[in-house]
Amino acid sequence: MTAGLLARLRAPLAARADLGEALALGWVALSPAELARRPIRLDGRAAALGDLFDLSGEPRGRIRFEGDLRLADRLAAGLGEGEVTVDGSVGDDVGSGMAGGTVVIRGDAGVRAGAAAPEARRGMTGGELVIHGNAGPAAGTRMRRGLIAIRGRAGAGAGATMIAGTVVIMGAAGPETGLWSKRGSIIALGRISIPATYRYACTYQPAYLRLVLTRLHTRHGLPIKPRHLSAFFRRYSGDLADLGRGEILEWTAK
Amino acid sequence: MNVRGVYIEDTFAEAFTMRVARIVITARNPKWAREAALKLTGFATSVIGCKCEAGIERVLRSGETPDGRPGLAILLMAMGKDDLPKRLIERIGQTVLTCPTTACYDGLPDAPDRVGVGSALRFFGDGFQSSKVIDGHRFWRVPVMEGEFLVQEKFGMVKGVGGGNFLILARSADAALEAAEAGAEAMSGLAGVILPFPGGVVRSGSKVGSRRIKSMIASTNDAYCPTLRAVTETALPEGVNSVLEIVVNGVDAPAIAGAMRAGIDAACRDGVVAITAGNYGGKLGPHHFHLRKIMSEGGGA
(Lines give C-alpha, C1' and ligand atoms only; values in the text may rest on other atoms or scores of the structure.)
Protein backbone atom coordinates (compact mmCIF):
# COMPACT_ATOMS: atom_id res chain seq x y z
CA MET A 1 0.00 0.00 0.00
CA THR A 2 1.49 3.31 -0.96
CA ALA A 3 -1.04 5.78 0.44
CA GLY A 4 -2.15 6.32 4.00
CA LEU A 5 -0.49 5.82 7.34
CA LEU A 6 2.13 3.25 8.24
CA ALA A 7 2.47 1.91 11.79
CA ARG A 8 5.72 0.00 12.13
CA LEU A 9 6.27 -1.95 15.35
CA ARG A 10 9.39 -0.56 17.04
CA ALA A 11 10.38 -3.82 18.76
CA PRO A 12 8.86 -7.27 19.14
CA LEU A 13 6.09 -7.32 21.73
CA ALA A 14 7.16 -8.95 24.97
CA ALA A 15 3.71 -8.73 26.59
CA ARG A 16 0.14 -8.53 25.42
CA ALA A 17 -0.97 -5.15 24.14
CA ASP A 18 -4.56 -3.95 24.10
CA LEU A 19 -5.06 -1.68 21.06
CA GLY A 20 -8.84 -1.45 21.51
CA GLU A 21 -8.97 2.31 21.91
CA ALA A 22 -6.55 3.20 19.15
CA LEU A 23 -9.01 3.23 16.27
CA ALA A 24 -12.37 3.07 18.02
CA LEU A 25 -13.10 6.75 17.54
CA GLY A 26 -12.73 8.69 14.30
CA TRP A 27 -9.16 8.39 13.10
CA VAL A 28 -9.04 8.72 9.33
CA ALA A 29 -8.15 12.43 9.40
CA LEU A 30 -5.55 12.18 12.17
CA SER A 31 -1.89 12.90 11.51
CA PRO A 32 0.75 10.37 12.58
CA ALA A 33 1.55 12.50 15.61
CA GLU A 34 -2.08 12.72 16.65
CA LEU A 35 -2.64 9.02 16.21
CA ALA A 36 0.52 8.27 18.17
CA ARG A 37 -1.12 9.82 21.22
CA ARG A 38 -4.08 7.45 21.12
CA PRO A 39 -4.24 5.39 24.35
CA ILE A 40 -3.45 1.69 24.49
CA ARG A 41 -2.61 -0.71 27.31
CA LEU A 42 0.61 -2.64 27.45
CA ASP A 43 0.72 -5.55 29.87
CA GLY A 44 -2.18 -3.92 31.70
CA ARG A 45 -0.56 -0.51 32.01
CA ALA A 46 -1.56 2.70 30.26
CA ALA A 47 0.54 3.63 27.25
CA ALA A 48 0.18 5.35 23.88
CA LEU A 49 0.15 3.90 20.41
CA GLY A 50 3.31 5.82 19.64
CA ASP A 51 5.12 3.97 22.44
CA LEU A 52 4.92 0.78 20.38
CA PHE A 53 4.78 1.99 16.79
CA ASP A 54 6.61 4.41 14.57
CA LEU A 55 3.84 6.21 12.71
CA SER A 56 4.39 7.90 9.38
CA GLY A 57 2.60 8.79 6.17
CA GLU A 58 -0.43 10.88 5.27
CA PRO A 59 -3.96 10.48 6.64
CA ARG A 60 -5.86 9.04 3.69
CA GLY A 61 -8.33 6.81 5.49
CA ARG A 62 -5.93 3.88 5.51
CA ILE A 63 -3.45 2.51 7.97
CA ARG A 64 -1.10 -0.41 7.59
CA PHE A 65 0.46 -2.19 10.56
CA GLU A 66 3.83 -3.87 10.17
CA GLY A 67 5.43 -6.24 12.63
CA ASP A 68 4.54 -9.32 14.62
CA LEU A 69 1.23 -8.44 16.22
CA ARG A 70 0.31 -11.86 17.55
CA LEU A 71 0.31 -10.40 21.06
CA ALA A 72 -1.69 -7.34 20.00
CA ASP A 73 -5.33 -7.73 20.97
CA ARG A 74 -8.48 -5.81 20.07
CA LEU A 75 -6.97 -4.11 17.06
CA ALA A 76 -9.72 -2.19 15.21
CA ALA A 77 -12.21 -2.87 18.00
CA GLY A 78 -15.19 -0.62 17.52
CA LEU A 79 -13.88 0.50 14.15
CA GLY A 80 -16.33 2.69 12.29
CA GLU A 81 -14.42 3.94 9.29
CA GLY A 82 -11.38 3.55 7.11
CA GLU A 83 -9.27 0.60 6.06
CA VAL A 84 -6.93 -1.19 8.42
CA THR A 85 -4.39 -3.68 7.09
CA VAL A 86 -2.11 -5.91 9.12
CA ASP A 87 0.84 -7.34 7.22
CA GLY A 88 0.93 -10.51 9.27
CA SER A 89 -0.92 -12.15 12.09
CA VAL A 90 -2.79 -10.45 14.88
CA GLY A 91 -3.91 -11.33 18.41
CA ASP A 92 -7.34 -11.84 19.91
CA ASP A 93 -10.56 -9.90 19.40
CA VAL A 94 -9.54 -8.14 16.19
CA GLY A 95 -12.47 -6.07 14.90
CA SER A 96 -14.41 -6.71 18.07
CA GLY A 97 -17.71 -4.88 17.79
CA MET A 98 -16.64 -3.02 14.68
CA ALA A 99 -19.41 -1.04 13.01
CA GLY A 100 -17.93 -0.06 9.68
CA GLY A 101 -14.79 0.18 7.63
CA THR A 102 -12.57 -2.65 6.50
CA VAL A 103 -10.00 -4.74 8.33
CA VAL A 104 -7.66 -6.96 6.35
CA ILE A 105 -5.39 -9.41 8.17
CA ARG A 106 -2.72 -10.86 5.91
CA GLY A 107 -1.96 -13.63 8.39
CA ASP A 108 -3.88 -15.40 11.15
CA ALA A 109 -6.26 -13.95 13.71
CA GLY A 110 -6.65 -15.07 17.31
CA VAL A 111 -9.87 -15.86 19.10
CA ARG A 112 -13.15 -13.96 18.71
CA ALA A 113 -12.35 -12.09 15.49
CA GLY A 114 -15.25 -9.75 14.75
CA ALA A 115 -17.07 -11.08 17.77
CA ALA A 116 -18.70 -9.36 20.71
CA ALA A 117 -16.70 -8.02 23.60
CA PRO A 118 -17.44 -10.02 26.76
CA GLU A 119 -19.72 -7.31 28.13
CA ALA A 120 -21.41 -6.53 24.79
CA ARG A 121 -24.65 -7.92 23.41
CA ARG A 122 -23.51 -7.64 19.82
CA GLY A 123 -20.39 -8.36 17.87
CA MET A 124 -19.74 -6.70 14.55
CA THR A 125 -22.55 -4.45 13.41
CA GLY A 126 -21.06 -3.50 10.07
CA GLY A 127 -18.01 -3.39 7.88
CA GLU A 128 -15.81 -6.11 6.47
CA LEU A 129 -13.20 -8.23 8.24
CA VAL A 130 -11.03 -10.29 5.91
CA ILE A 131 -8.56 -12.80 7.32
CA HIS A 132 -6.19 -14.24 4.77
CA GLY A 133 -4.94 -16.91 7.17
CA ASN A 134 -6.72 -18.93 9.83
CA ALA A 135 -9.09 -17.63 12.47
CA GLY A 136 -9.15 -18.79 16.06
CA PRO A 137 -12.28 -20.00 17.84
CA ALA A 138 -15.47 -17.97 18.14
CA ALA A 139 -15.02 -15.70 15.12
CA GLY A 140 -18.13 -13.63 14.56
CA THR A 141 -20.00 -14.69 17.66
CA ARG A 142 -23.04 -12.50 18.30
CA MET A 143 -22.33 -10.48 15.15
CA ARG A 144 -25.32 -8.42 14.05
CA ARG A 145 -24.32 -7.24 10.59
CA GLY A 146 -21.33 -7.11 8.29
CA LEU A 147 -19.06 -9.62 6.59
CA ILE A 148 -16.28 -11.81 7.91
CA ALA A 149 -14.25 -13.76 5.37
CA ILE A 150 -11.70 -16.36 6.45
CA ARG A 151 -9.47 -17.71 3.74
CA GLY A 152 -8.08 -20.51 5.90
CA ARG A 153 -9.55 -22.57 8.72
CA ALA A 154 -12.00 -21.29 11.29
CA GLY A 155 -11.80 -22.46 14.87
CA ALA A 156 -14.70 -23.85 16.84
CA GLY A 157 -17.87 -21.86 17.15
CA ALA A 158 -17.50 -19.47 14.22
CA GLY A 159 -20.72 -17.54 13.86
CA ALA A 160 -22.12 -19.05 17.03
CA THR A 161 -25.03 -17.08 18.48
CA MET A 162 -24.85 -14.73 15.51
CA ILE A 163 -27.81 -12.41 15.14
CA ALA A 164 -27.29 -11.59 11.46
CA GLY A 165 -24.52 -10.91 8.98
CA THR A 166 -22.35 -13.18 6.88
CA VAL A 167 -19.35 -15.40 7.66
CA VAL A 168 -17.51 -16.92 4.72
CA ILE A 169 -15.11 -19.75 5.55
CA MET A 170 -12.96 -20.99 2.69
CA GLY A 171 -11.07 -23.61 4.67
CA ALA A 172 -12.34 -26.16 7.13
CA ALA A 173 -14.85 -24.94 9.67
CA GLY A 174 -14.45 -26.05 13.27
CA PRO A 175 -17.09 -27.76 15.36
CA GLU A 176 -20.21 -25.95 16.49
CA THR A 177 -20.07 -23.47 13.65
CA GLY A 178 -23.28 -21.46 13.66
CA LEU A 179 -24.55 -22.97 16.85
CA TRP A 180 -27.39 -21.00 18.45
CA SER A 181 -27.51 -18.53 15.61
CA LYS A 182 -30.72 -16.54 15.16
CA ARG A 183 -30.24 -15.28 11.61
CA GLY A 184 -27.33 -14.70 9.35
CA SER A 185 -25.43 -16.76 6.85
CA ILE A 186 -22.45 -19.03 7.16
CA ILE A 187 -20.93 -19.83 3.80
CA ALA A 188 -18.75 -22.91 3.93
CA LEU A 189 -16.54 -23.43 0.90
CA GLY A 190 -14.58 -26.10 2.75
CA ARG A 191 -15.39 -28.95 5.09
CA ILE A 192 -18.01 -28.30 7.74
CA SER A 193 -19.87 -30.35 10.28
CA ILE A 194 -23.48 -29.24 10.34
CA PRO A 195 -24.86 -28.90 13.88
CA ALA A 196 -27.66 -31.30 14.74
CA THR A 197 -29.97 -28.37 15.31
CA TYR A 198 -29.80 -27.33 11.65
CA ARG A 199 -32.09 -28.97 9.11
CA TYR A 200 -31.36 -29.55 5.43
CA ALA A 201 -33.64 -27.51 3.12
CA CYS A 202 -32.45 -27.83 -0.47
CA THR A 203 -29.52 -27.68 -2.86
CA TYR A 204 -29.54 -24.55 -5.01
CA GLN A 205 -27.63 -21.58 -6.39
CA PRO A 206 -28.17 -18.47 -4.25
CA ALA A 207 -27.76 -15.46 -6.54
CA TYR A 208 -26.55 -13.22 -3.75
CA LEU A 209 -23.56 -15.46 -3.15
CA ARG A 210 -22.21 -14.49 -6.54
CA LEU A 211 -22.19 -10.87 -5.36
CA VAL A 212 -20.48 -11.71 -2.07
CA LEU A 213 -17.88 -14.03 -3.55
CA THR A 214 -17.16 -11.78 -6.51
CA ARG A 215 -16.54 -8.89 -4.14
CA LEU A 216 -14.20 -10.98 -2.01
CA HIS A 217 -12.23 -11.82 -5.12
CA THR A 218 -12.10 -8.42 -6.76
CA ARG A 219 -11.86 -6.24 -3.66
CA HIS A 220 -9.80 -8.45 -1.37
CA GLY A 221 -8.03 -10.85 -3.68
CA LEU A 222 -9.38 -14.03 -2.14
CA PRO A 223 -8.96 -17.03 -4.45
CA ILE A 224 -12.57 -17.43 -5.47
CA LYS A 225 -12.74 -19.78 -8.43
CA PRO A 226 -15.35 -20.18 -11.15
CA ARG A 227 -16.32 -23.45 -9.47
CA HIS A 228 -17.39 -21.44 -6.45
CA LEU A 229 -19.42 -18.95 -8.46
CA SER A 230 -21.24 -21.54 -10.51
CA ALA A 231 -21.64 -23.99 -7.67
CA PHE A 232 -24.66 -25.41 -5.98
CA PHE A 233 -24.94 -25.04 -2.23
CA ARG A 234 -26.67 -27.23 0.30
CA ARG A 235 -28.83 -25.01 2.45
CA TYR A 236 -29.35 -25.87 6.10
CA SER A 237 -31.75 -23.80 8.17
CA GLY A 238 -30.99 -23.13 11.78
CA ASP A 239 -30.34 -22.90 14.54
CA LEU A 240 -33.73 -24.48 15.10
CA ALA A 241 -33.04 -24.55 18.81
CA ASP A 242 -33.20 -20.76 18.60
CA LEU A 243 -35.00 -18.47 16.16
CA GLY A 244 -34.02 -20.71 13.26
CA ARG A 245 -33.83 -18.03 10.61
CA GLY A 246 -30.18 -18.45 9.88
CA GLU A 247 -28.53 -20.62 7.30
CA ILE A 248 -25.45 -22.63 6.57
CA LEU A 249 -24.69 -22.81 2.85
CA GLU A 250 -22.35 -25.67 2.17
CA TRP A 251 -20.52 -25.69 -1.15
CA THR A 252 -21.03 -28.83 -3.16
CA ALA A 253 -19.37 -29.89 -6.36
CA LYS A 254 -22.63 -31.38 -7.63
CA MET B 1 -30.18 20.35 -46.26
CA ASN B 2 -30.01 17.01 -48.01
CA VAL B 3 -28.53 13.72 -46.89
CA ARG B 4 -27.89 11.47 -49.88
CA GLY B 5 -30.70 13.17 -51.73
CA VAL B 6 -33.18 13.09 -48.85
CA TYR B 7 -34.49 16.48 -47.82
CA ILE B 8 -34.04 17.31 -44.12
CA GLU B 9 -36.78 19.70 -43.12
CA ASP B 10 -35.85 22.76 -41.08
CA THR B 11 -37.80 21.78 -38.00
CA PHE B 12 -37.33 20.14 -34.63
CA ALA B 13 -38.54 17.30 -32.46
CA GLU B 14 -40.10 18.46 -29.26
CA ALA B 15 -39.48 16.26 -26.22
CA PHE B 16 -40.38 16.19 -22.57
CA THR B 17 -38.68 15.70 -19.25
CA MET B 18 -39.42 12.28 -17.77
CA ARG B 19 -38.11 10.27 -14.84
CA VAL B 20 -36.01 7.27 -15.77
CA ALA B 21 -34.64 4.18 -14.04
CA ARG B 22 -32.21 1.68 -15.45
CA ILE B 23 -33.04 -1.91 -14.59
CA VAL B 24 -30.43 -4.63 -14.95
CA ILE B 25 -31.83 -8.11 -15.31
CA THR B 26 -29.55 -11.12 -15.15
CA ALA B 27 -30.32 -14.78 -15.55
CA ARG B 28 -28.64 -18.13 -15.92
CA ASN B 29 -28.47 -17.62 -19.67
CA PRO B 30 -29.34 -14.89 -22.18
CA LYS B 31 -32.63 -16.55 -23.10
CA TRP B 32 -34.17 -16.10 -19.67
CA ALA B 33 -32.78 -12.60 -19.21
CA ARG B 34 -34.42 -11.66 -22.50
CA GLU B 35 -37.69 -13.38 -21.64
CA ALA B 36 -37.99 -11.28 -18.51
CA ALA B 37 -36.92 -8.12 -20.31
CA LEU B 38 -39.46 -8.59 -23.08
CA LYS B 39 -42.26 -9.03 -20.58
CA LEU B 40 -41.12 -6.08 -18.48
CA THR B 41 -40.97 -3.78 -21.48
CA GLY B 42 -44.17 -5.07 -23.03
CA PHE B 43 -47.12 -2.70 -23.37
CA ALA B 44 -44.91 0.26 -22.50
CA THR B 45 -44.92 2.27 -25.70
CA SER B 46 -46.45 5.52 -24.54
CA VAL B 47 -47.45 7.09 -21.25
CA ILE B 48 -50.72 8.03 -22.93
CA GLY B 49 -52.06 4.52 -22.58
CA CYS B 50 -49.41 2.51 -20.77
CA LYS B 51 -48.49 4.76 -17.83
CA CYS B 52 -44.83 4.34 -18.68
CA GLU B 53 -42.42 3.84 -21.56
CA ALA B 54 -39.76 1.17 -21.55
CA GLY B 55 -37.33 -0.61 -23.78
CA ILE B 56 -34.20 -2.71 -23.82
CA GLU B 57 -31.22 -0.40 -23.81
CA ARG B 58 -28.56 -2.97 -24.56
CA VAL B 59 -27.30 -6.46 -23.96
CA LEU B 60 -24.77 -6.72 -21.14
CA ARG B 61 -21.81 -9.05 -21.19
CA SER B 62 -21.27 -11.29 -18.18
CA GLY B 63 -18.46 -9.04 -16.99
CA GLU B 64 -20.75 -6.01 -16.96
CA THR B 65 -23.39 -7.35 -14.60
CA PRO B 66 -23.27 -7.33 -10.80
CA ASP B 67 -23.43 -11.11 -10.50
CA GLY B 68 -21.36 -11.97 -13.55
CA ARG B 69 -24.23 -13.60 -15.41
CA PRO B 70 -25.65 -12.64 -18.81
CA GLY B 71 -27.99 -9.70 -18.63
CA LEU B 72 -29.81 -6.82 -20.21
CA ALA B 73 -30.14 -3.16 -19.34
CA ILE B 74 -33.61 -1.67 -19.57
CA LEU B 75 -34.74 1.92 -19.31
CA LEU B 76 -38.15 2.50 -17.79
CA MET B 77 -39.58 6.00 -17.88
CA ALA B 78 -42.58 7.74 -16.40
CA MET B 79 -43.78 11.32 -16.34
CA GLY B 80 -43.60 11.95 -12.61
CA LYS B 81 -41.29 10.99 -9.80
CA ASP B 82 -44.26 9.53 -7.95
CA ASP B 83 -45.22 7.40 -10.95
CA LEU B 84 -41.90 5.75 -11.55
CA PRO B 85 -41.67 3.75 -8.29
CA LYS B 86 -45.17 2.37 -8.88
CA ARG B 87 -44.33 1.25 -12.39
CA LEU B 88 -41.06 -0.30 -11.27
CA ILE B 89 -42.69 -2.26 -8.48
CA GLU B 90 -45.60 -3.56 -10.54
CA ARG B 91 -43.54 -4.47 -13.60
CA ILE B 92 -40.55 -6.01 -11.83
CA GLY B 93 -42.94 -7.78 -9.49
CA GLN B 94 -45.00 -9.27 -12.28
CA THR B 95 -42.36 -9.98 -14.87
CA VAL B 96 -38.93 -10.44 -13.29
CA LEU B 97 -39.84 -11.93 -9.95
CA THR B 98 -41.93 -14.46 -11.84
CA CYS B 99 -39.28 -15.38 -14.41
CA PRO B 100 -37.02 -18.40 -13.76
CA THR B 101 -33.40 -17.80 -12.71
CA THR B 102 -33.51 -14.01 -12.88
CA ALA B 103 -32.15 -11.40 -10.51
CA CYS B 104 -32.78 -7.67 -10.72
CA TYR B 105 -30.38 -4.82 -9.98
CA ASP B 106 -30.25 -1.05 -10.07
CA GLY B 107 -28.43 0.27 -13.13
CA LEU B 108 -28.04 3.84 -11.88
CA PRO B 109 -26.01 3.36 -8.69
CA ASP B 110 -24.69 6.91 -8.68
CA ALA B 111 -28.10 8.57 -8.89
CA PRO B 112 -28.72 10.42 -5.62
CA ASP B 113 -32.50 10.08 -5.94
CA ARG B 114 -33.35 6.54 -4.79
CA VAL B 115 -36.71 4.80 -4.90
CA GLY B 116 -37.70 1.67 -3.03
CA VAL B 117 -38.31 -1.38 -5.19
CA GLY B 118 -36.95 -4.44 -3.43
CA SER B 119 -38.11 -2.89 -0.20
CA ALA B 120 -41.68 -3.28 -1.47
CA LEU B 121 -41.33 -6.54 -3.39
CA ARG B 122 -39.81 -8.28 -0.37
CA PHE B 123 -43.25 -8.59 1.17
CA PHE B 124 -44.05 -11.28 -1.35
CA GLY B 125 -41.78 -13.37 0.84
CA ASP B 126 -44.49 -13.37 3.51
CA GLY B 127 -42.03 -12.88 6.33
CA PHE B 128 -39.54 -15.46 5.06
CA GLN B 129 -37.55 -12.87 3.10
CA SER B 130 -34.12 -11.81 4.25
CA SER B 131 -31.65 -9.17 3.21
CA LYS B 132 -27.94 -8.79 2.70
CA VAL B 133 -25.89 -5.62 2.57
CA ILE B 134 -23.12 -6.02 0.04
CA ASP B 135 -20.72 -3.20 -0.73
CA GLY B 136 -23.06 -0.75 0.93
CA HIS B 137 -26.16 -1.79 -1.01
CA ARG B 138 -29.02 -3.81 0.43
CA PHE B 139 -30.44 -6.71 -1.52
CA TRP B 140 -33.56 -8.68 -0.73
CA ARG B 141 -33.72 -12.44 -1.01
CA VAL B 142 -37.29 -13.50 -1.64
CA PRO B 143 -37.96 -17.23 -1.40
CA VAL B 144 -39.85 -18.56 -4.42
CA MET B 145 -40.79 -22.03 -5.58
CA GLU B 146 -37.82 -22.21 -7.92
CA GLY B 147 -35.36 -21.13 -5.25
CA GLU B 148 -34.74 -17.50 -4.49
CA PHE B 149 -35.34 -14.15 -6.19
CA LEU B 150 -32.72 -11.48 -5.57
CA VAL B 151 -33.67 -7.84 -6.00
CA GLN B 152 -31.90 -4.67 -5.02
CA GLU B 153 -33.63 -2.62 -2.36
CA LYS B 154 -33.42 0.76 -4.06
CA PHE B 155 -33.09 1.93 -7.62
CA GLY B 156 -31.68 5.20 -8.86
CA MET B 157 -33.97 7.70 -10.56
CA VAL B 158 -32.81 10.56 -12.77
CA LYS B 159 -34.40 13.07 -15.06
CA GLY B 160 -34.47 11.83 -18.63
CA VAL B 161 -35.96 12.90 -21.92
CA GLY B 162 -38.89 11.29 -23.69
CA GLY B 163 -40.31 11.95 -27.11
CA GLY B 164 -37.35 12.49 -29.35
CA ASN B 165 -38.57 11.61 -32.82
CA PHE B 166 -38.29 11.88 -36.55
CA LEU B 167 -40.64 11.07 -39.39
CA ILE B 168 -39.66 9.24 -42.54
CA LEU B 169 -41.64 10.42 -45.55
CA ALA B 170 -41.33 7.84 -48.33
CA ARG B 171 -42.63 7.14 -51.81
CA SER B 172 -44.02 3.76 -50.80
CA ALA B 173 -44.88 1.73 -47.72
CA ASP B 174 -42.05 -0.66 -48.54
CA ALA B 175 -39.52 2.15 -48.76
CA ALA B 176 -40.77 3.69 -45.52
CA LEU B 177 -40.52 0.38 -43.70
CA GLU B 178 -37.09 -0.39 -45.08
CA ALA B 179 -35.80 3.02 -44.03
CA ALA B 180 -37.41 2.80 -40.60
CA GLU B 181 -35.91 -0.62 -40.03
CA ALA B 182 -32.50 0.70 -40.97
CA GLY B 183 -32.92 3.70 -38.72
CA ALA B 184 -34.08 1.65 -35.75
CA GLU B 185 -31.27 -0.83 -36.28
CA ALA B 186 -28.72 1.97 -36.19
CA MET B 187 -30.18 3.33 -32.97
CA SER B 188 -30.64 0.05 -31.14
CA GLY B 189 -28.04 -0.77 -28.56
CA LEU B 190 -26.74 2.76 -28.25
CA ALA B 191 -26.02 3.55 -24.61
CA GLY B 192 -28.57 5.70 -22.86
CA VAL B 193 -31.50 5.41 -25.27
CA ILE B 194 -34.47 3.17 -25.94
CA LEU B 195 -37.00 2.91 -28.74
CA PRO B 196 -40.22 2.12 -26.89
CA PHE B 197 -42.44 1.26 -29.88
CA PRO B 198 -42.65 -2.08 -31.71
CA GLY B 199 -39.36 -2.57 -33.49
CA GLY B 200 -38.66 1.04 -32.64
CA VAL B 201 -41.18 2.19 -35.24
CA VAL B 202 -44.54 3.98 -35.01
CA ARG B 203 -47.04 4.00 -37.85
CA SER B 204 -49.70 5.93 -35.97
CA GLY B 205 -48.14 9.24 -35.06
CA SER B 206 -50.56 11.39 -33.15
CA LYS B 207 -51.51 14.99 -32.67
CA VAL B 208 -52.60 16.49 -29.38
CA GLY B 209 -56.36 16.23 -28.81
CA SER B 210 -59.05 15.52 -31.36
CA ARG B 211 -61.03 17.49 -33.90
CA ARG B 212 -64.29 15.88 -32.83
CA ILE B 213 -64.05 14.25 -29.39
CA LYS B 214 -63.04 16.66 -26.66
CA SER B 215 -62.12 13.96 -24.13
CA MET B 216 -59.48 12.40 -26.34
CA ILE B 217 -55.88 13.17 -25.37
CA ALA B 218 -54.50 12.28 -28.77
CA SER B 219 -55.74 11.32 -32.20
CA THR B 220 -54.32 10.46 -35.58
CA ASN B 221 -51.87 12.93 -37.08
CA ASP B 222 -54.08 13.61 -40.10
CA ALA B 223 -51.62 16.05 -41.65
CA TYR B 224 -49.27 13.12 -42.28
CA CYS B 225 -51.87 10.50 -43.28
CA PRO B 226 -51.53 9.84 -47.03
CA THR B 227 -55.13 8.68 -47.31
CA LEU B 228 -56.34 12.05 -46.05
CA ARG B 229 -54.24 14.17 -48.37
CA ALA B 230 -57.25 15.35 -50.27
CA VAL B 231 -59.52 16.05 -47.31
CA THR B 232 -57.29 17.63 -44.67
CA GLU B 233 -54.58 20.26 -44.39
CA THR B 234 -51.81 17.93 -45.44
CA ALA B 235 -48.13 18.29 -44.62
CA LEU B 236 -47.08 15.71 -47.16
CA PRO B 237 -44.95 16.64 -50.16
CA GLU B 238 -45.85 15.36 -53.59
CA GLY B 239 -45.03 11.71 -54.14
CA VAL B 240 -45.17 10.66 -50.49
CA ASN B 241 -47.38 7.64 -49.95
CA SER B 242 -46.31 6.38 -46.52
CA VAL B 243 -44.88 7.85 -43.32
CA LEU B 244 -43.28 6.08 -40.37
CA GLU B 245 -41.97 7.61 -37.18
CA ILE B 246 -39.17 6.60 -34.86
CA VAL B 247 -39.54 7.68 -31.25
CA VAL B 248 -36.52 7.71 -28.98
CA ASN B 249 -36.27 8.23 -25.23
CA GLY B 250 -33.08 8.58 -23.28
CA VAL B 251 -31.25 9.41 -20.12
CA ASP B 252 -30.29 12.85 -21.42
CA ALA B 253 -30.51 15.11 -24.46
CA PRO B 254 -27.07 14.33 -25.89
CA ALA B 255 -27.87 10.62 -25.93
CA ILE B 256 -31.05 11.32 -27.88
CA ALA B 257 -29.37 13.69 -30.29
CA GLY B 258 -26.70 11.10 -30.99
CA ALA B 259 -29.26 8.39 -31.58
CA MET B 260 -31.35 10.63 -33.85
CA ARG B 261 -28.25 11.43 -35.88
CA ALA B 262 -27.46 7.74 -36.33
CA GLY B 263 -31.06 6.88 -37.12
CA ILE B 264 -31.69 9.65 -39.61
CA ASP B 265 -28.44 8.95 -41.38
CA ALA B 266 -29.35 5.28 -41.75
CA ALA B 267 -32.89 6.12 -42.87
CA CYS B 268 -31.77 8.40 -45.69
CA ARG B 269 -31.89 5.94 -48.55
CA ASP B 270 -33.62 5.26 -51.85
CA GLY B 271 -37.35 5.83 -51.79
CA VAL B 272 -37.25 8.33 -48.95
CA VAL B 273 -38.35 11.85 -49.89
CA ALA B 274 -37.85 13.75 -46.67
CA ILE B 275 -37.18 13.56 -42.96
CA THR B 276 -39.18 15.74 -40.63
CA ALA B 277 -40.08 15.73 -36.94
CA GLY B 278 -43.05 16.12 -34.64
CA ASN B 279 -43.49 19.12 -32.43
CA TYR B 280 -46.17 21.21 -30.79
CA GLY B 281 -44.84 24.59 -31.79
CA GLY B 282 -42.22 24.45 -29.09
CA LYS B 283 -44.67 25.38 -26.34
CA LEU B 284 -45.07 22.04 -24.55
CA GLY B 285 -41.74 20.31 -24.35
CA PRO B 286 -38.55 21.92 -23.05
CA HIS B 287 -36.23 19.81 -25.23
CA HIS B 288 -35.97 20.76 -28.90
CA PHE B 289 -33.92 18.60 -31.26
CA HIS B 290 -33.33 20.57 -34.45
CA LEU B 291 -32.83 18.12 -37.27
CA ARG B 292 -30.45 20.20 -39.36
CA LYS B 293 -28.31 21.09 -36.34
CA ILE B 294 -28.13 17.45 -35.30
CA MET B 295 -27.17 16.32 -38.79
CA SER B 296 -24.66 19.08 -39.36
CA GLU B 297 -22.92 18.26 -36.06
CA GLY B 298 -22.67 14.70 -37.24
CA GLY B 299 -21.18 15.69 -40.54
CA GLY B 300 -24.35 15.33 -42.63
CA ALA B 301 -24.61 17.57 -45.67
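Quick note on labels: first sequence line is chain A, next is B, and so on, each numbered from 1. Just so it is clear, the values below take in all heavy atoms, side chains as well, and ignore hydrogens, waters and symmetry mates.
With a 4.5 Å cut-off on non-hydrogen atoms, A:Tyr208 touches chain B through its backbone and its side chain both. Both the backbone and the side chain of B:Arg69 have a heavy atom closer than 4.5 Å to some heavy atom of chain A. Heavy atoms of A:Leu147 lying under 4.5 Å from chain B are absent altogether. Residue contact with chain B, scored on non-hydrogen atoms closer than 4.5 Å, is absent for A:Ser230. Contact annotation for A:Arg245: only side-chain heavy atoms (C-beta onward) come within less than 4.5 Å of a heavy atom of chain B.
Contacts with chain A were tallied for B:Thr26, B:Thr101, B:Ile134; B:Ile134 has the most, counting heavy-atom pairs under 4.5 Å.
A:Leu23 contributes atom CG, which lies 5.5 Å from atom CD1 of A:Ile63 (distance to the nearest 0.5 angstrom). A distance of 11.5 Å separates CD of A:Glu81 from OG1 of A:Thr102, quoted to the nearest 0.5 Å. In this structure, the separation between OG on A:Ser237 and CD1 on A:Ile248 is 10.0 Å, given to the nearest 0.5 Å. To the nearest 0.5 Å, atom CE of residue B:Met260 and atom CG of residue B:Asp265 are 13.0 Å apart. Between B:Leu97 atom CG and B:Ile89 atom CD1 the span is 12.5 Å, to the nearest 0.5 Å.
Under the 3.5 Å distance criterion, the side-chain polar atoms of B:Asp126 are left unmatched by any main-chain donor or acceptor of B:Phe124.
When the heavy atoms of residues 145-160 of chain B are compared with those of chain A, the residues falling under 4.5 Å are B:Gly147, B:Glu148, B:Leu150, listed by number.
One finds no salt bridge joining A:Arg60 and A:Glu83 here, because no Lys/Arg side-chain nitrogen approaches an Asp/Glu carboxylate oxygen to under 4.0 Å.
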inquiry  = Is there a side-chain contact (heavy atoms from CB on, under 4.5 Å) between A:Asp87 and A:Phe65? Walk through the geometry before answering.
reply    = CA-CA 6 Å; A:Asp87 277 351; A:Phe65 285 85; over 6 Å; no

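Scanning all heavy atoms of the two residues, the minimum distance from A:Leu213 to A:Ile224 falls at O-CG1, 3.5 Å.
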